[in-house]
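Read through the structure below, which is laid out as C-alpha cells, and then see the notes.
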Amino acid sequence: MSLASDLAALFHTAAAVFEIKGEPVFKAIAFSKIARILEDTTVDLRRAVEDGSIAKMEGVGKSSRKIIEDFVRTGRSPDMDELIASIPGGLLPLRNIPSLGPKTIGLFWKERGITSMGELVAALDAGKLDGLKGIGPKKLQSIKEGIAMIEQAGGRRGLVDVLPIALRLVEQVRALPGVKQAEYAGSLRRWQETIGDVDIVAGVDNSAKGEALTKAFTEFSIVEKVLGQGDTKASVLVESGLQVDLRIVPNDHFGAALQYFTGSKEHNVKLRGLCLDQEMTLNEWGLYKLSEYDKAKKVTGKPPAVPAVASKTETDVYKALGLQFIPPELRQGKDEIELAANKKLPKLIEVKDLRGDLHTHTTASDGTASIEEMAEAAKALGYEFLAITDHSKSQVIANGLSKERLLKHVAAIRKASDKIKGITLLAGSEVDILVDGRLDFEDEVLAELDIVVASPHASLKQDEKTATDRILRAIDNRYVTLIGHPTGRLINKRAGLPLDINAVIARAKQNGVALEINSGWPRLDLRDSHARAALAEGVMLSINTDAHSIDGLGERYLGIGVARRAGAEAKSVINCMSLSELRAFIAKRR
DNA sequence: GCCGTTTTCGGCCCGACTGTTTTCAGTCG
C-alpha cells in the first residue's frame, strides 16, 4: 500500500467516526472527499508536504493539512489517533451492514453498549435491542438479514462479470409494456473497473403503470431477492448477491434521470453547484429554473408541475448549462466540468481508432491460436497491423521462447506476414523484465525484432525503490518500445509493484517509450489514474489485449474504457498510428 | 471540516423508500 492509499483509508475511517459520533455531517463529507482525492492522486505527497503545495490540494484545509504532514513525516497522526480512539474500534465494521447506518450504530452503542459485530449479533438474538426509539421489529429483522448478506456476498465485483448481467436485464426491461427506452447507468456506465451495484433507468410512455412495471421487474427469473419496490423504483438482488436498482421516469425525463443516476456522485455535486450559480436546480426529473421550481407543486414519484429547462436527453441538460456533452467515463468530479465549459473536453479515443494490437501470444508460447489464426482474426477486426509477442525464456511456466526458438519464430512471423494480404505482422517479444531490471534477452537478440514489449511478471512484491529502479532500467534499454502491464497488478487479487509512477512516467517521456494499458481482465494496467498522469506529461500510451486466443483480441474495449477514463485521445495512443508512423516511433530511439 | 466574483460566517445536492411514525428520521444512491 502506498502512502496516499494509507492516508485515504485513514480519512475514510475518520469520516465514519464523525458519523457514528453524530458530529455535523459536513465534517464527514469533507473527510470523505479528501479520502477519494487521495485514492486517485498521483501527486508525490512527500514532495507536496515539503514544498507546501499540499494545501492547494482540493478540499484540504488546515486540519487535514496537519494530519497529512504528520503522517508523511512520522507515519502517524496524533490527531487521527485521538479521533479514532474516541469510539470503540469494533463499531467501524458495522458500517458494512446494509440497512444499518451510522446513526443507528451510534444509538446501539450509546444506549445498549454495543461495540462490535459479535455483540450486535448476540444482542439481536437476545432481544436486547427491542424498545429503542425509532427501532421496530422490521428494522431489527432487516439488520439481521443485512448481516447474513455480507457474510455470503463479497464486496465490489469486476466490470466484466457485471456487464453481461446488466445487458441482459436492460434487454428485459426494454421489452416491458410502455417502456420506450432503458439503459444501465451508475459506475458501470462510467466504466469503473469494479462495480458496487447496477442501476437501470427506464423511460416510459403514458400507458405505463409504474407499480406493474417494478413488479414485473422483481419477477424476472434472475432475481433472487426483492429488497424494495415502489411506483418508480425497485431494488433486487440477483446471482451472487449483486444488487440491481430500477428507476422509472416519464420518457420526457429520461435524459435527466440517466444523467442523475450515472453519477458520479462527485460529478453531480459539482454540476448542481454550477446549477445554483445559474439560478437553476437539477434533480432526477430535470433542470429547472429555481424561481419556478420553488413555487411548483411537488408530488413524490412525479415530475414537478412546471416545465423543465431541459430533461429529454443528457445532451440537453449539459447544453442548457453551457457545457459540452460530458462522456460518462469522464464524469469523475475532476476537471471535466471546467473543460466542458471552455469547450476543451478531449475527443476521447474509440475502439474504431485502433489500427492494431501490439501485444499478443500464439501457440509458440502459451497462446491457443497459431500466427495465421491470430492474423486472420486481427484482420477481421479491421486492423492494419498485429504484433506477435510471445514470452521470453524466463517464463518457463508459459513456455517462454529460448533465443533459438525466438529467432525461428521471427522468421515464421515474417513469412506469414508476406503470405497473408491486408495486414502486416510485426515480429516481437514480450520480454521479461528481470528482478533487477535487466531484460531476458541480450540486446543483439532484441535488435532482430520489430517491436519489444518489456513486462514484469515475477517478484511483484518488491519495495517501491527496488521496483521503480527495475522498471526505469528496462525503460532505458534502447530496444524497448513499450512497457507491458507496468505494475503487474490484478484487480481484487494482487496489488502489483508499488511503483513511483511519476518517476516511471518521467523516464518514459525522456526515452520515448510508450506505457501500456493492458486490456486483459483482471489486469487493466496501467489503471485510469496512472494513464491520466502519463497523458498529462505527454507520454504515449499503447492499448493492447495481451490476447492468448482469437477471442482475447476482442477485449480491447476494456482497455479503451480505461483510456477514456484517463481522457485519452487517439493521437496519444501508438496503436492509432499508421504503420509507417509506428515504425518511425520504434526506430527513433534505437 | 472546508470554502469564498453575494466571502471569514453560513452554507454545504437531491429525492425515493422504509419503518417508524402521525410528520419524520434514517438509509441509500
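Order of the sequence lines sets the chain letters (A, B, ...), proteins ahead of strands, with each chain counted from 1.
For A:L290 and B:dG11, the CG to P distance is 15 Å, given to the nearest whole Å. Protein atom CG of A:D277 is 9 Å distant from nucleotide atom P of B:dT5, rounded to whole Å. A:R247 has its CZ atom 11 Å from the C1' atom of B:dC14, to the nearest Å. When rounded to the nearest whole Å, the span between CD1 of A:I54 and P of B:dC2 equals 12 Å. If you take NZ of A:K33 and P of B:dC3, they are 7 Å apart, rounded to a whole angstrom. Summarising the geometry, the separation between CZ on A:F261 and P on B:dC28 is reported as 16 Å, rounded to the nearest angstrom. Computed from coordinates, the A:L237 CG to B:dC28 P distance equals 13 Å when rounded to whole Å. Between the P atom of B:dG29 and the CD atom of A:Q192 lies a distance of 14 Å, rounded to the nearest Å.
A:E219 meets the salt bridge (Lys or Arg N to Asp or Glu O under 4.0 Å) test with A:K215; sequence neighbours excluded. Looking at residues two or more places apart in sequence or on another chain, you find a side chain to side chain donor-acceptor pair (under 3.5 Å) between A:S53 and A:D51. Remark: A:A166 pairs with A:Y184, A:L188, A:V198 by the side chain to side chain contact (heavy atoms under 4.5 Å, CB included) rule, at least two apart or across chains. Judged as a side chain to side chain contact (heavy atoms under 4.5 Å, CB included), and not counting sequence neighbours, the contacts of A:V351 are A:R556, A:Y557, A:I560. By the ring pair (Phe, Tyr, Trp, His ring centres under 6.0 Å) test, A:Y260 pairs with no residue at all, sequence neighbours left out. With sequence neighbours left out, A:K302 forms a salt bridge (Lys or Arg N to Asp or Glu O under 4.0 Å) with no residue at all. Taking the salt bridge (Lys or Arg N to Asp or Glu O under 4.0 Å) definition, one finds that A:D294 meets it with nothing, sequence neighbours left out. Under the salt bridge (Lys or Arg N to Asp or Glu O under 4.0 Å) criterion, A:K33 pairs with A:E58, not counting sequence neighbours.
Residue A:Q243 is classed as a sugar-phosphate contact, given heavy-atom separations below 4.0 Å to backbone atoms only. Counting non-hydrogen atoms under 4.0 angstrom, A:V25 reaches nothing in the nucleic acid. Heavy atoms of A:Q229 sit under 4.0 angstrom from primed sugar atoms or phosphate atoms, though from no base atom. Residue contacts for A:G186: at a heavy-atom cut-off of 4.0 Å it reaches no nucleic acid atom on any strand shown. Backbone-only engagement by A:K62 is indicated by non-hydrogen atom pairs under 4.0 Å involving sugar-phosphate atoms exclusively. Contact annotation for A:Y260: base contact, defined as any heavy-atom pair under 4.0 Å involving a base atom. Among the protein residues, A:T281 comes within range of the sugar-phosphate backbone only, with heavy atoms under 4.0 Å from sugar or phosphate atoms but none that close to a base. Within 4.0 Å (heavy atoms only), A:F31 reaches sugar-phosphate atoms of the nucleic acid but no base atom. At the heavy-atom level, A:L100 lies under 4.0 Å from the strands shown only through sugar-phosphate atoms. Counting any heavy atom pair closer than 4.0 Å across all strands shown, A:N268 reaches no nucleic acid atom. Backbone-only engagement by A:P102 is indicated by non-hydrogen atom pairs under 4.0 Å involving sugar-phosphate atoms exclusively.
With respect to A:S235, the side-chain hydrogen bond (donor to acceptor under 3.5 Å, both in side chains) criterion is satisfied by exactly one of A:T218, A:T214, A:D199, A:D245: A:D245.
As the counterpart of B:dT18, B:dA25 is assigned, both hydrogen-bonding distances of the Watson-Crick or G-U wobble pattern falling under 3.5 Å.
The aromatic rings of A:H253 and A:W285 lie perpendicular to each other, with more than 60° between the two planes, well past the 30° mark.
Put simply, A:F26 rests on the base of B:dC12: the two rings are less than 5.5 Å apart at their centres and nearly parallel, under 30°.
Separating the C1' atom of B:dC17 from that of B:dT21 is a span of 15 Å, rounded to the nearest Å. B:dT6 and B:dC2 have their P atoms separated by 23 Å, with the value rounded to a whole Å. With C1' as the reference atom, B:dT18 and B:dG11 are 29 Å apart, rounded to whole Å. On the P atoms, B:dA16 is 31 Å away from B:dG10, given to the nearest whole Å. Atom name P, nucleotides B:dT23 and B:dC28: the rounded distance is 26 Å, in whole Å. B:dA25 and B:dT20 have their C1' atoms separated by 8 Å, given to the nearest Å. For B:dC3 and B:dT8, the P atoms lie 16 Å apart once the distance is rounded to whole Å.
Using a 4.5 Å heavy-atom threshold, the side chains of A:K233 and A:L246 count as separate. Side chains of A:T313 and A:F254 form no contact here, defined as non-hydrogen atoms less than 4.5 Å apart. Side-chain atoms of A:D500 and A:E464, non-hydrogen and from C-beta on, do get closer than 4.5 Å to each other. Two residues are said to be in side-chain contact when any heavy atoms from C-beta on lie closer than 4.5 Å; A:K334 and A:E266 fail this criterion.
For the segment residues 108-143 of chain A, the set of residues with a heavy atom within less than 4.0 Å of an atom of DNA chain B comprises A:G134, A:I135, A:G136, A:P137, A:K138, A:K139, in numerical order. Near DNA chain B, meaning a heavy atom under 4.0 Å away, the residues from residues 67-98 of chain A are A:I97, A:P98.
When the side-chain nitrogen and oxygen atoms of A:S99 are compared with OP1 and OP2 of B:dT18, none of them lie within a distance under 4.0 Å.
Closest approach to the A:S63 side chain among B:dG1, B:dC14, B:dG29 is made by B:dG1 (side chain taken as heavy atoms from C-beta onward). The side chain of A:T300 lies closest to B:dC17 when the candidates are B:dC17, B:dG29, B:dC2. Residue A:W285 places its side chain closer to B:dA16 than to any other of B:dG1, B:dA16, B:dC14. Residue A:T104 places its side chain closer to B:dT27 than to any other of B:dC14, B:dC2, B:dT27. When distances are taken from the side chain of A:F18 to each of B:dG29, B:dG1, B:dC2, the shortest belongs to B:dG1. Among B:dC17, B:dG1, B:dG26, the nucleotide with an atom closest to any side-chain atom of A:K103 is B:dG26.
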Strictly under 3.5 Å: I want the nitrogen or oxygen pairs between protein and nucleotides 8-10 of chain B, one per line.
none

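Nearest-nucleotide positions on DNA chain B for A:P24 and A:L282 put A:P24 closer to the 5' end. Both A:G273 and A:A28 sit near DNA chain B, but only A:A28 has its closest nucleotide nearer the 5' end.
For residues 84-143 of chain A, no residue pair satisfies the ring-ring contact (aromatic ring centres under 6.0 Å, His included) rule, not counting sequence neighbours.
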